Amino acid sequence: VQLQAYGGGLVQPGGSLRLSCVASGSIRGISLMGWYRQAPGKQRELIADITIGGATTYADSVKGRFTISRDNAKNTVYLQMNSLRPDDTAVYFCNIWVTVRTYWGQGTLVTVSS
């Protein structure tokens with residue numbers, strides 16, 4: 001199983017970015033898909049996840065600004081990020097659970113700066 005993330009980059013404060021992550025390989029039923037981030041000098045943290053049925057959870061720091069969604073037919077998870085702030089700067093990682101195994105993408109850098 002491989003995860004490929006897209007969409008990171010440099011954006012000004014208040015701007016938007018959309019991250020995508022595509023899972024490929026021998027996959028049957030991705031139960032949970034999520035996005036984590038890791039800022040310099042900090043631990044990796046969960047920012048949003050979504051179940052196969054569409055139930056979502058968000059970290060308090062991104063509620064109302066970020067939206068997670070998924071396309072089960074394409075094994076893809078998205079993260080729409082609006083009203084970005086400098087403290088959103090981090091490497092963003094996608095994560096999936098397939099039965100009892102978990103997989104990680106390689107990370108994509110998001111930099112929020114003027």
Side-chain angles (χ1 to χ4, degrees):
V1 175
Q2 292 186 334
L3 303 181
Q4 181 66 54
Y6 304 90
L10 173 65
V11 63
Q12 292 187 339
S16 298
L17 280 177
R18 188 190 194 211
L19 305 182
S20 303
C21 178
V22 182
S24 60
S26 299
I27 301 171
R28 285 189 176 183
I30 303 173
S31 57
L32 188 68
M33 308 182 85
W35 288 95
Y36 289 69
R37 68 185 180 189
Q38 187 167 18
K42 295 188 177 181
Q43 290 187 332
R44 190 173 298 188
E45 61 172 344
L46 172 66
I47 54 173
D49 62 25
I50 183 168
T51 69
I52 193 169
T56 58
T57 58
Y58 294 93
D60 287 344
S61 59
V62 306
K63 280 181 182 176
R65 301 188 298 122
F66 291 9
T67 302
I68 190 170
S69 59
R70 63 189 283 175
D71 185 331
N72 293 327
K74 296 180 179 179
N75 289 332
T76 301
V77 61
Y78 305 96
L79 186 69
Q80 177 66 42
M81 303 185 294
N82 299 328
S83 302
L84 283 161
R85 309 184 306 216
D87 61 358
D88 293 317
T89 295
V91 178
Y92 285 70
F93 298 89
C94 55
N95 169 265
I96 65 170
W97 282 87
V98 182
T99 60
V100 297
R101 299 191 67 174
T102 188
Y103 301 90
W104 291 91
Q106 84 285 4
T108 184
L109 177 62
V110 172
T111 303
V112 185
S113 175
S114 55

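Count residues from 1 along the sequence. Everything numeric in this text was worked out from a predicted model, so none of it was measured.
One finds the OG atom of Ser31 at 7.5 Å from the CD1 atom of Ile52 (value rounded to the nearest 0.5 Å). Rounding to the nearest 0.5 Å places OG of Ser69 at 8.5 Å from CD of Gln80. How far CD of Gln4 is from OG of Ser20: 11.0 Å, rounded to the nearest 0.5 Å. A distance of 4.5 Å separates CD1 in Ile27 from CG in Asn75, rounded to the nearest 0.5 Å. Rounded to the nearest 0.5 Å, atoms CZ (Phe66) and OG (Ser61) are 7.5 Å apart. Note that the CG atom of Leu79 and the CG atom of Leu17 stand 9.5 Å from one another [nearest 0.5 Å].
Proximity of Cys21 to Tyr78: side-chain heavy atoms (C-beta onward) are nowhere separated by under 4.5 Å. Here the side chains of Thr111 and Val11 are not in contact, with every heavy-atom distance at 4.5 Å or above. When side chains are defined from C-beta on, Gln12 does not count as touching Ser113, because their heavy atoms never get closer than 4.5 Å. With a 4.5 Å cut-off on side-chain heavy atoms, Arg85 and Pro13 do not count as touching. Side chains of Asp88 and Arg65 form a contact here, defined as non-hydrogen atoms less than 4.5 Å apart.
Grouping the Ile, Leu, Val, Met, Phe, Trp and Tyr side chains by contacts below 4.5 angstrom, directly or via other members, places Trp104 apart from Ile30. Hydrophobic clustering of Ile, Leu, Val, Met, Phe, Trp and Tyr side chains at less than 4.5 Å, counting indirect connections, keeps Val22 apart from Leu32. Residues Val98 and Val1 are members of one and the same hydrophobic cluster, defined by side-chain heavy-atom contacts under 4.5 angstrom among Ile, Leu, Val, Met, Phe, Trp and Tyr. Val62 and Leu19 end up in the same hydrophobic cluster when Ile, Leu, Val, Met, Phe, Trp and Tyr side chains are linked at under 4.5 Å. Cluster membership for Tyr6 and Ile47, using ILVMFWY side-chain heavy atoms within less than 4.5 angstrom, is not shared.
At least one donor-acceptor pair under 3.5 Å links the side chain of Thr102 to the backbone N or O of Ile96. One N or O on the side chain of Tyr58 and one on the backbone of Ile68 form a donor-acceptor pair closer than 3.5 Å. Remark: the backbone N or O of Ile50 is paired with a side-chain donor or acceptor of Arg70 at under 3.5 angstrom.
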- [ ] Determine, stepwise, if the pair Tyr92 / Met81 fulfils side-chain contact (heavy atoms from CB on, under 4.5 Å).
- [x] CA-CA 12 Å; Tyr92 285 70; Met81 303 185 294; 3.8 Å; yes
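Between Thr56 and Asp49, the side chains place no donor N or O within less than 3.5 Å of an acceptor N or O (distance only, hydrogens not considered). There is no side-chain donor-acceptor pair under 3.5 Å between Asp71 and Thr76. Between the side chains of Tyr36 and Arg44, no donor-acceptor pair is found at a separation under 3.5 Å.
Counting heavy-atom neighbours within 6.0 Å of Gln38 CD, excluding the residue itself, gives a total above 12.
Contact record, Val110 with Gly8: CG2-CA, 4.1 Å, taken as the closest heavy-atom pair. Across all non-hydrogen atoms, the minimal contact from Val77 to Cys94 is CG1-CB, 4.5 Å.
At least one test fails for Arg37 against the ring of Phe93: distance under 6.0 Å to the centre or angle within 45° of the axis.
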